[in-house]
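Taking it in order: structure first as structure tokens, then the write-up.
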Amino acid sequence: MLTEADGQAAGLRQQVRDFLAGHEPAAMPRLEFLRARFDAGLAWVHYPAGLGGQGLSRSLQGAVDAEFAAAGAPDNNPARIGIGLGMAAPTILAFGTQEQKERWLRPLWTGEEVWCQLFSEPGAGSDLAGLATRAVRDGTGWRVSGQKVWTSIAHVARWGLLLARTDPDVPKHAGLTYFGLDMTQPGVEVRPLRQLTGEAEFNEVFLTAAAVADTDRLGAVGEGWRVAQATLMNERIAIGGGALPREGGMIGLAAAAWWEHPEARTPGLHDRLIRLWADAEVARLAGARLRQQLAAGQPGPEGSAAKVVFARLNQDLSAFELELAGAAALAYDDWTLRRPDSVSFFGRGPGYRYLRSRGNSIEGGTSEILRGIIAERVLGLPAEPRTDTKVPWKDLPR
Ligand SMILES: Cc1cc2nc3c(=O)[nH]c(=O)nc-3n(C[C@H](O)[C@H](O)[C@H](O)COP(=O)(O)OP(=O)(O)OC[C@H]3O[C@@H](n4cnc5c(N)ncnc54)[C@H](O)[C@@H]3O)c2cc1C
């Protein structure tokens, strides 16, 4: 029996075919095609009409994407604009004005404008609310000064999701405001930071009286912490809740390594592989359930669990793969200092995956911090006593 969702999916597939009849992918420039797809409401179907979607369930997106892929249509290279799609867009949708949504969402989705996340600072990572970057009023806008760090993809970004202190005289969570920052202006200096993998995927960003229009503020003055929570919840889902086919992703690579290296097999490794396979399958199915819940609105703290599991699995799977490959895996494939514009675990050797996955339990909130969130906000366990010994923002100029 056909469900309502089946009927909607069939209707969407027909819409895609009608769209393709008037927009031959091979006959038009890629960007023009993507803009037209957005304008037709076939970009992200769960977004509102007029903003690339049709206000439908997020679970219907797969049918649309599959239809476009089958026709050989270009996509928006989601790996390159992961922060935009996974974090900036839902934050703009939830807190932006209509003008901001219309200005930012279309070029974000087409990939014309890359977004980065200017949250972490040298003195504020896990304790993000203790950040010291200062935004002060300047006429009708703001001037921002300070230093951000670990800013992935800032070297190709057009916009930054900026969390800054606008009032140093109130409790730390209450003095923050959230902005979209133009990364291409002279007050923004982006310097590469080389990481364990040899690449400089992230950067440090120095802000010197960088200008922000008040119309680029997301949420009210002093409401930055609430807006940032939306970004962080979405970040955890974006990192840990991705859709994969069975035996897709890192478990697929580990299983392939098992077939490639019969000489390295032992009963112990076989047992480990089976356990990892089962864990990966549980994580995949739990991710599917999480995405269904998401269709109803903004994600809650539950996404933290998906992110913790993702990090642990990636680290265990990459270690397994390395062990199977034996001594050959220790020859690292490429230690050139590159500044990639996207991050992928595929297309590189097992050594890269092993090293890059170390960061998975740090980025988007460390596993220790996320376990605290799960304990307090999902399981309802008593909160740990808080201490505020490190308050660099107390000395900020008034
Ligand atoms: C690959 C990668 C990409 C990143 N990209 C970005 C980005 O694009 N934008 C951005 O803003 N940031 C980014 N980050 C930064 C990341 O969010 C921070 O590194 C992270 O939040 C931890 O902050 P920290 O490095 O200051 O460590 P700290 O907060 O100093 O923590 C150090 C250690 O202490 C533990 N710890 C701290 N407080 C507690 C506590 N209360 N209870 C228990 N344990 C605790 C932590 O778990 C950690 O093990 C990225 C990081 C990585 C690794």
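Each ligand, and each atom within it, is numbered from 1 in the order the structure gives.
- The N/O atoms of Asp127, backbone and side chain alike, include none that comes under 3.5 Å of an N/O atom in ligand 1.
- Considering backbone and side-chain N/O of Ser120, one or more are found under 3.5 Å from N/O of ligand 1.
- Residues in residues 62-78 take part in these side chain to side chain donor-acceptor pair (under 3.5 Å) pairs, two or more places apart or across chains: Arg17-Glu67, Arg37-Asp65, Gln61-Asp65.
- Judged as a ring-ring contact (aromatic ring centres under 6.0 Å, His included), and not counting sequence neighbours, Phe320 has no contacts.
- Among the atoms of Ser126, some N or O lies under 3.5 angstrom from an N or O of ligand 1.
- Atoms of ligand 1 lying under 4.0 Å from any heavy atom of Ile369, numbered from 1 in the order shown and given with element: 38 (N), 39 (C), 40 (C), 41 (N).
- Glu102 and Gln98 share a donor-acceptor pair across their side chains, judged by distance under 3.5 Å alone.
- Between the side chain of Asn234 and the main chain of Pro90, no donor-acceptor pair closer than 3.5 Å is present.
- Considering backbone and side-chain atoms together, Ser152 places an N or O closer than 3.5 Å to an N or O of ligand 1.
- The main-chain N or O of Ala210 is never found under 3.5 Å from a side-chain atom of Gln185 such that the two would form a donor-acceptor pair.
- Residue-to-ligand polar distances place Glu368 within reach of ligand 1: an N/O pair is separated by less than 3.5 Å.
- Within the listing of ligand 1, atoms 22 (C), 46 (C), 47 (O) sit less than 4.0 angstrom from a heavy atom of Thr366.
- Taking any N or O of Arg356, backbone or side chain, none lies under 3.5 Å from an N or O belonging to ligand 1.
- Side-chain contact check for Gln117 and Thr231: no donor-acceptor pair (N or O, by modelled atom type) lies under 3.5 Å.
- An N or O contact shorter than 3.5 Å is missing between Glu363 and ligand 1 by distance.
- Inclusion of Phe119 in the set of residues having an N or O under 3.5 Å from an N or O of ligand 1 is warranted.
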### Task
Would you please test Tyr354 and Tyr332 for ring-ring contact (aromatic ring centres under 6.0 Å, His included) and show each step?
CA-CA 11 Å; Tyr354 180 78; Tyr332 196 59; over 10 Å; no
